[in-house]
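Have a look at the structure below before the remarks.
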Amino acid sequence: MDATAVSVIVVRTIWAVDAMRDTGQRDAYLRARPYLTQPCLARLQTEPVAGIPTLWRDHRAYAQVRLTRQAPELGAGPDSPVLAHRQFHVTVTPTGRDGWKGIPIRAITFTTLTRPTSAAPWRIATIATA
């Protein structure tokens, strides 16, 4: 799988919070663990847990996630065989199972991908959101 495909999977996964199954966004991050490096996973596991908003719980809401790749990535050079950067504009619309829609959340998510050799699979080394 190429670097862009891995980034899309991870960015969609980390933003796909669901009030019916998650206690917070960390749960969504942990679902992405197969695509994360061990140091990235360790950092995510130590971050404070932000709970699901009450309004989301009241409406049994989940996140509808829309991504738009922002290329070229700001400040990033070209990909190398073992290092790549991807940047996405993310729009998350809280959507209740009862028909409620919340105010969309917009952010930019940056990912850095690494792999030990050009034959190894890409993994996310860092994730940052602005």
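Both backbone and side-chain heavy atoms feed into the values below; hydrogens, waters and symmetry mates do not. The chain is numbered in sequence order, starting from 1.
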Using side-chain heavy atoms (C-beta onward) and a distance below 4.5 Å, is [X] in contact with [Y]?
| X | Y | value |
| --- | --- | --- |
| Q45 | Y29 | no |
| W15 | T129 | yes |
| I52 | T23 | no |
| V17 | W56 | yes |
| W100 | P94 | yes |
| Y35 | L113 | no |
| R123 | L36 | no |
| T117 | R115 | no |

Say whether, by atom type as modelled, one donor and one acceptor occur between the side chain of [X] and the main chain of [Y] under 3.5 angstrom.
| X | Y | answer |
| --- | --- | --- |
| Q25 | I14 | yes |
| R12 | I9 | no |
| R21 | D27 | no |
| R97 | R60 | yes |

Test of understanding: clusters of I, L, V, M, F, W, Y form through side-chain heavy atoms closer than 4.5 Å, transitively. Do [X] and [Y] belong to the same one?
| X | Y | value |
| --- | --- | --- |
| V90 | I105 | yes |
| M20 | L30 | no |
| V65 | I124 | yes |
| I108 | V92 | no |
| L41 | V11 | yes |

Grab the two heavy atoms, one from [X] and one from [Y], that are nearest each other, plus how far apart they are.
| X | Y | value |
| --- | --- | --- |
| A63 | A16 | CB-CA, 4.2 Å |
| R26 | L44 | NE-O, 3.8 Å |
| T4 | F88 | O-CZ, 4.5 Å |
| A125 | C40 | O-CB, 3.3 Å |

Side-chain ion pair, [X] and [Y], N-O less than 4.0 Å:
| X | Y | result |
| --- | --- | --- |
| D18 | R31 | no |
| R86 | D79 | yes |
| D22 | R57 | no |

To the closest 0.5 Å, what do you measure between NE2 (H85) and CZ (F110)?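 That separation rounds to 12.0 Å.
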Please lay out, stage by stage, how T114 and V82 fare under the test side-chain contact (heavy atoms from CB on, under 4.5 Å). CA-CA 5 Å; T114 60; V82 296; over 6 Å; no
Set of residues satisfying salt bridge (Lys or Arg N to Asp or Glu O under 4.0 Å) with respect to R66, sequence neighbours excluded: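 Salt bridge (Lys or Arg N to Asp or Glu O under 4.0 Å) check on R66 returns nothing, list empty.
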Exercise: do W122 and S7 side chains pair donor with acceptor under 3.5 Å: no
